There are 2 protein chains.
Amino acid sequence: MLISTRGEYGLRAMMMLAAEYSGGPLPLRVIAEKEHLSAQYLEHLFRDLRNNGLVESFRGAKGGYKLAKSPEEITVGNVLWALEGTLAPMECVAGEKEVQCRHTDGCPTKFVWEKLKAAMDEVLDTTTLADILTQATEE
Amino acid sequence: MLISTRGEYGLRAMMMLAAEYSGGPLPLRVIAEKEHLSAQYLEHLFRDLRNNGLVESFRGAKGGYKLAKSPEEITVGNVLWALEGTLAPMECVAGEKEVQCRHTDGCPTKFVWEKLKAAMDEVLDTTTLADILTQATEE
DNA sequence: CCATAACCTAGTCTTTTACTCGGGATTATT
DNA sequence: AATAATCCCGAGTAAAAGACTAGGTTATGG
């Protein structure tokens, strides 16, 4: 499985923020209640979202989180990358550090992983939170 | 990461069998030596490959494994599905058992996972071992 | 008969995932 | 000024998955 609960919970939480984009900040407590999960766990996810410039935080009473950019400007890939760290099918095509893999002497399968990653990136990089929003309201 | 070492090792091993398709059976010992990994671990993988009808086994001296079908007839998806069990980005689109997920009451993100899975399946189901073979020799 | 191989079950070690705990800092409201 | 709501942060833990190893049995060619 490519996506863990971090990406699953995190993306759904981001959708809530997207729906409230014009309103005030949304506290984690509210998100946690609606999603039936612990606010403390969400805190960890939002730390990463914030460090990646995807949300803005407001402390104190009446505080909470808001999207740092408009839903049109945030892709699914942005969110998942922040939460999952990497999104490649295989380490050897994850980018980051040029990898290692004993089979540098012509690994026949690498091009499959590259094709796979390209196909995944196409979806992740072109789908925005706004797209999800319109898709959800259409149904 | 979507693919574990099972899929990684297994697909490379299948490529060796594909290269020797017209010859006699290849023992795991040989594959293990070339790939620098343990024959015992490979045995586990080949049990799954065999149970999924992808390889044929020959016991005893001069035994080993052969592809059960031609390289044109075996897709990367076939191999990985046999070894990884499932290849979906998320459990809710894995197929198998119609899942569960508390958020049945209109989960906005599900269509993203469906798009992602479709993009992945496109690559996995259309790329055959023969394709990899020609790609590898071209370079 | 013997060497070579597939077959099989169980067990172990490591890493990752999915959290919880317990505090501290900041801010709006009263 | 006090209080409650909220974000912030590091550590720790329990369960699951991943990556193997160990030690045997069975079949087959020479």
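Computed from a prediction, not measured in an experiment: that's the story for all the values here. Reminder, nothing fancy here: chain letters follow the sequence lines and each chain counts from 1.
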Tell me the interatomic distance from [X], atom [atom1], to [N], atom [atom2], rounded to whole angstroms.
X: A/Glu8; N: C/dC19; atom1: CD; atom2: P; value: 10 Å
X: A/Leu45; N: C/dT20; atom1: CG; atom2: P; value: 12 Å
X: B/Tyr41; N: C/dC8; atom1: OH; atom2: C1'; value: 17 Å
X: B/Leu2; N: D/dG18; atom1: CG; atom2: P; value: 11 Å
X: A/Leu42; N: D/dC8; atom1: CG; atom2: C1'; value: 14 Å
X: A/Ile3; N: C/dT17; atom1: CD1; atom2: P; value: 11 Å
X: A/Phe58; N: D/dC7; atom1: CZ; atom2: P; value: 11 Å
X: A/Arg50; N: D/dC9; atom1: CZ; atom2: P; value: 6 Å

Check the pair A/Phe58, A/Tyr65 against ring pair (Phe, Tyr, Trp, His ring centres under 6.0 Å), reporting the backbone distance first and the verdict last.
-> CA-CA 6 Å; A/Phe58 300 89; A/Tyr65 290 92; 8.6 Å; no
Please walk me through it: do B/Trp113 and A/Ile3 pass side chain to side chain contact (heavy atoms under 4.5 Å, CB included)?
-> CA-CA 9 Å; B/Trp113 309 131; A/Ile3 310 294; 3.8 Å; yes
[options]: which one has an atom nearest the side-chain heavy atoms of [X]?
X: B/Ser4; options: D/dG29, C/dG24, D/dG18; answer: D/dG18
X: B/Lys62; options: D/dC20, D/dG29, C/dT20; answer: D/dG29
X: A/Ser38; options: C/dT20, D/dC8, C/dT9; answer: C/dT20
X: A/Thr5; options: D/dT21, C/dC7, C/dA18; answer: C/dA18
X: A/Gln40; options: C/dG22, C/dA6, C/dA25; answer: C/dG22

Strictly by modelled atom types, are A/Ser70 and A/Glu73 linked by a side-chain donor-acceptor pair under 3.5 Å?
-> yes
Begin from the C-alpha positions of B/Glu35 and B/Arg12 and carry the test salt bridge (Lys or Arg N to Asp or Glu O under 4.0 Å) through to its verdict.
-> CA-CA 8 Å; B/Glu35 294 286 340; B/Arg12 269 204 296 263; 3.1 Å; yes
Look at A/Arg29 and D/dT6 and indicate whether a side-chain polar atom (N or O) is within less than 4.0 Å of OP1 or OP2.
-> yes
B/Tyr9 side-chain N/O to D/dC20 phosphate OP1/OP2 under 4.0 Å | yes
CD of A/Glu43 to CG of A/Leu28, rounded to nearest 0.5 Å, is 6.0 Å
When A/Met1 and A/Arg47 are each assigned the nearest nucleotide of DNA chain D, the 5'-most assignment goes to A/Arg47
When A/Phe46 and A/Ala61 are each assigned the nearest nucleotide of DNA chain D, the 5'-most assignment goes to A/Ala61
Pair B/Leu116-B/Val93, side chain to side chain contact (heavy atoms under 4.5 Å, CB included): steps then yes or no | CA-CA 10 Å; B/Leu116 193 52; B/Val93 293; over 6 Å; no
Could you pick out which residue, B/Pro27 or A/Glu84, lies toward the 5' side of DNA chain C when each is mapped onto its nearest nucleotide?
-> B/Pro27
If each of B/Gly60 and B/Tyr65 is mapped to the nucleotide of DNA chain C with the nearest heavy atom, which maps nearer the 5' terminus, i.e. the 5' end?
-> B/Gly60
Is there a donor on the side chain of [X] or the base of [N] sitting less than 3.5 Å from an acceptor on the other?
X: B/Glu43; N: C/dC7; answer: yes
X: B/His44; N: D/dT21; answer: yes
X: B/Arg59; N: C/dA5; answer: no

